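Reading through the structure tokens given below for one structure.
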Amino acid sequence: QVQLVESGGGLVQAGGSLRLSCDVSGVALSNYAVAWFRQNPGKEREFIATIGMNTGITNYRASVKGRFTIARDNGKNTVYLLMNSLKPEDTADYYCAADRFGRGFASEYAYDTWGQGTQVTVSS
């Protein structure tokens with residue numbers, strides 16, 4: 001059974017940094033794409049970034065380009081989201097998700113396995 005567990009969230013001041021981790025168990029990720037999404041209560045889930053575990057090809061939401069970096073460690077079956085220059089509007093619950101077909105789409109419907117999320121709060 002595939003499981004994704006996020007960690008690394010917390011409270012940070014604007015301009016600060018956080019590193020989120022997504023630890024995956026139950027499957028080798030070599031053909032997958034793994035993405036990060038975020039969501040606030042009452043709002044739609046937003047795509048943040050995705051990475052092909054084989055190719056390393058990445059795709060980002062426009063508003064996080066240059067501030068966030070998605071990275072993978074295939075040996076550890078882990079995907080990271082490095083977040084710099086954080087803004088209050090980055091506050092949300094952050095989720096990682098896996099697509100076994102490795103498509104790297106921005107749509108949440110392409111991802112069939114999700115973690116429970118980790119909360120990020122950026123204070124002004």
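Remember, it's a predicted structure, so these values are computed and weren't measured experimentally. Start at 1 with the first residue, then count along the sequence.
By the rule that hydrophobic residues join a cluster once side-chain heavy atoms approach within less than 4.5 Å of another member, V12 and M83 end up as members of one cluster. When the side chains of ILVMFWY residues are joined at heavy-atom separations under 4.5 Å, either directly or via intervening members, F101 and W36 end up in two distinct hydrophobic clusters.
Partners of T78 according to the side chain to side chain donor-acceptor pair (under 3.5 Å) rule, which considers only residues two or more places apart in sequence or in another chain, are D23. Applying the salt bridge (Lys or Arg N to Asp or Glu O under 4.0 Å) test to D73 and every residue at least two apart in sequence or in another chain returns nothing. Every residue two or more places apart in sequence or in another chain that forms a side chain to side chain donor-acceptor pair (under 3.5 Å) with S17 is listed here: N84. Taking V5 as the reference, nothing meets the side chain to side chain contact (heavy atoms under 4.5 Å, CB included) condition, with sequence neighbours excluded.
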Contacts under 3.5 angstrom, residues 117-124 side chains, donor-acceptor by atom type, not counting sequence neighbours:
from, atom 1, to, atom 2, distance (Å)
T118, OG1, G9, N, 3.1

In residues 47-64, what donor-acceptor pairs under 3.5 Å come from side-chain atoms, sequence neighbours left out?
from, atom 1, to, atom 2, distance (Å)
T50, OG1, V34, O, 3.3
T50, OG1, Y111, OH, 3.0
N54, ND2, S30, O, 3.0
N54, ND2, N31, OD1, 3.0
T55, OG1, I57, N, 3.1
Y60, OH, I70, N, 2.8
R61, NE, S63, OG, 3.4
R61, NH1, F47, O, 3.3
R61, NH2, E46, OE2, 3.4

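Identified under the salt bridge (charged side-chain N to carboxylate O under 4.0 Å, His left out) test for residues 12-21, with sequence neighbours left out: none. Listed by first and then second residue, the disulfide bond (SG atoms under 2.5 Å apart) pairs that reach into residues 1-119 are C22-C96, sequence neighbours excluded. Listed by first and then second residue, the salt bridge (charged side-chain N to carboxylate O under 4.0 Å, His left out) pairs that reach into residues 89-100 are R38-D90, R67-D90, D99-R103, R100-D112, sequence neighbours excluded. Pairs of residues two or more places apart, or lying in two chains, never qualify as ring pair (Phe, Tyr, Trp, His ring centres under 6.0 Å) while including a residue from residues 75-95.
Using a 4.5 Å heavy-atom cutoff, the side chains of E6 and L20 are not in contact. Annotation: side chain of W114 is in contact with side chain of R45 (closest heavy-atom distance under 4.5 Å). Between V24 and V79, every side-chain heavy-atom pair lies at or beyond the 4.5 Å cut-off.
When atom types are taken as modelled, the side chain of N40 and the backbone of T91 share a donor-acceptor pair closer than 3.5 angstrom.
Note: L4 CG to Q116 CD = 10.0 Å, rounded to the nearest 0.5 Å.
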